[in-house]
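The structure appears right after this line, and notes come after that.
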Amino acid sequence: MNLTLHVWRQADSDARGDFETFKISDVSPDMSFLEMLDVLNEGLISEGSEPVAFDHDCREGICGACSLVINGVPHGPQKATTTCQLYMREFDDGQAVWIEPWRVGAFPVVRDLVVDRSAFDRILQAGGYVSVRTGAAPDGNTLPVPKDVADRAFTSATCIGCGACAAACPSSSASLFVAAKISHLGLLPQGQVERNSRVRMMLAQMDGEGFGHCSNHAECQSACPKEIDIGRIARMNRDLYRSFVRRT
Amino acid sequence: MPGAPLLTRDSEMPGAWSYSVMRKVAMAISGLVLVAFLYGHWAGNTVLLSGEQAFNDYLDWLRNHPILHYGVWIAIALALLVHVAVGPRHWLTNRMARPRRYRKRKLQATTWAARTMMASGTFLLIFLGVHIAHVRGWLVFDDTTSTFQNLRAGFAYWPVLTLYVVAQVALALHLYHGLWSQFQTLGLHHPRYNHLRRPFAFLVGAGLAILNIGLILLNTGAGQQLIGSAT
Ligand code: FES
């Protein structure tokens, strides 16, 4: 199949940047989206031009590094799928494909399609952990956790921190990410010790990073490759209110 | 690289009102206060249909109950102040949080009502100014000093009537998002009841608009004729 690609090019975070158009032919429908970009880059390198910079690591949908807004949707048209797991068969022959980076002020563009998501790391450092006294590793099953609670914690834990939620949010809010992390730890017995400080510190850090404020558009849950739902955000809010009235 | 300095200690935990989430709570609660007032406002104003004497008696009754009268007055003034302080502030922050817009954008979940909150809110605020001027008699459509006559005279004038009706549509739109959003913000989320949240927002918002439009229309010449022929 043949495609017209409109790719965002930007030399560094201070550059203005603009779209560059490429015609690419003989794309196999069985290629992943990133493999298609690899082919594009091969061509660019062989003709002596700069390849397009884009983020990727595991290419199996678990690391959260790949981050492209494809035709206006973070991670592209396929629901519940990261860019690296998106296949070219989802596109039509001759289609125009617009590729943009996450556009969130708190994620500055490093180069082309690569953005700096350290803001998420700082939010995690602010409270996204549990303190455990080390010693011999305890047996995982000695701490009883009800099945439904474990399931809910696990669903929240599937967040790969890709940032699609903030990229999709009309308000550029990071609420779904923060809420997923808070539910992931806060539902489990190990997470109770820091339950209050976690929500307080993470939310304060989130506000300080320059993200927007959740306006309940629910775009995040549509964009999330792990289909984490906005119920997590409601729970995070409850956790915050709880932190003002209960000590732990 | 930009980035906020990392907060490290519990003692550095900010107070409640520094949280954007808490400002949203203020937004939700003030909104609910205003909606409750508007239902009461409608119920009180049905007295308009009983004629000028009944309406004046109602105004006197309000004046003779200063605690109720001024209590409500202070509550809605405060609610309005909070709503107007937080809404535009968050709207502005949200715009600045995306310094560069997307060239292509495909929204998948949000509603038109949600994306026009700032516009519908601003319009409602302007309408409120006109409405107060109308009721207070700063905007005169009749040469008497009677509030009742001035209200009816306003409704008889089509630009005023249109403004009132359009404002009700804007109100329904604003509430369709606001009343749903309020559940999420306040943390009212439960798998068993979630499916009721949208219909609630629709019914309470549209219901208020329809009741108000109905009352306004019944106070026009055509409405009065309709009532006359029915009785
Ligand atoms: S490259 Fe790891 S999730 Fe896509």
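Reckoned from all heavy atoms, side chains included, excluding hydrogens, waters and symmetry mates. Chain letters run A, B, ... following the sequence lines, proteins first and then strands; every chain starts at 1.
- Put simply, the side chain of B:Q182 never gets that close to the backbone of B:L32: no donor and acceptor are under 3.5 Å apart.
- Judged by distance alone, the side chains of A:Q125 and A:R122 never bring a donor and an acceptor atom under 3.5 Å apart.
- Using non-hydrogen atoms only and a strict 4.5 Å limit, the part of residues 99-122 of chain B facing chain A consists of B:P99, B:R100, B:R101, B:Y102, B:R103, B:K104, B:R105, B:K106, B:L107, B:Q108, B:A109, B:T110, B:A114, B:R115.
- For a residue to count as touching a neighbouring chain, one of its non-hydrogen atoms must lie under 4.5 Å from one of that chain's; by this rule A:R235 does not touch chain B.
- A:W8 and A:Q10 form a side-chain donor-acceptor contact under 3.5 Å, judged by distance and modelled atom types alone.
- With a threshold of 4.5 angstrom between heavy atoms, B:H177 approaches chain A through side-chain atoms but not through N, CA, C or O.
- Between the OH atom of A:Y129 and the CD atom of A:Q190 there is a distance of 16.0 Å, given to the nearest 0.5 Å.
- Sequence neighbours left out, the pairs with a member in residues 146-155 of chain A that pass salt bridge (Lys or Arg N to Asp or Glu O under 4.0 Å) are A:K147-A:D151.
- Only the side chain of A:L240 comes within contact range of chain B, with heavy atoms under 4.5 Å apart.
- For chain B, the nearby part of A:D229 is the side chain; its heavy atoms alone come within less than 4.5 Å.
- Scanning residues 167-175 of chain A against chain B with a 4.5 Å heavy-atom cutoff picks out A:A167, A:A168, A:C169, A:P170, A:S171, A:S172, ordered by number.
- In this structure, the side chain of A:D207 engages the main chain of B:S20 through a donor-acceptor pair within 3.5 Å.
- The contact between B:S181 and chain A is made by backbone and side chain atoms together, counting heavy-atom distances below 4.5 Å.
- Rounding to the nearest 0.5 Å gives a distance of 8.0 Å between OG1 of B:T46 and OH of B:Y58.
- Contact of B:W91 with chain A is not made at all, since no heavy-atom distance falls under 4.5 Å.
- Side-chain N/O atoms of B:H189 and B:N194 include a donor and acceptor closer than 3.5 Å.
- Residues passing the side-chain contact (heavy atoms from CB on, under 4.5 Å) test with B:N219, sequence neighbours excluded: B:L48, B:L49, B:R152, B:F155, B:L215, B:Q224.
- Of the residues listed (A:R89, A:Q95, A:E90), the one engaging A:D92 in a side chain to side chain contact (heavy atoms under 4.5 Å, CB included) is A:Q95, and it is the only one.
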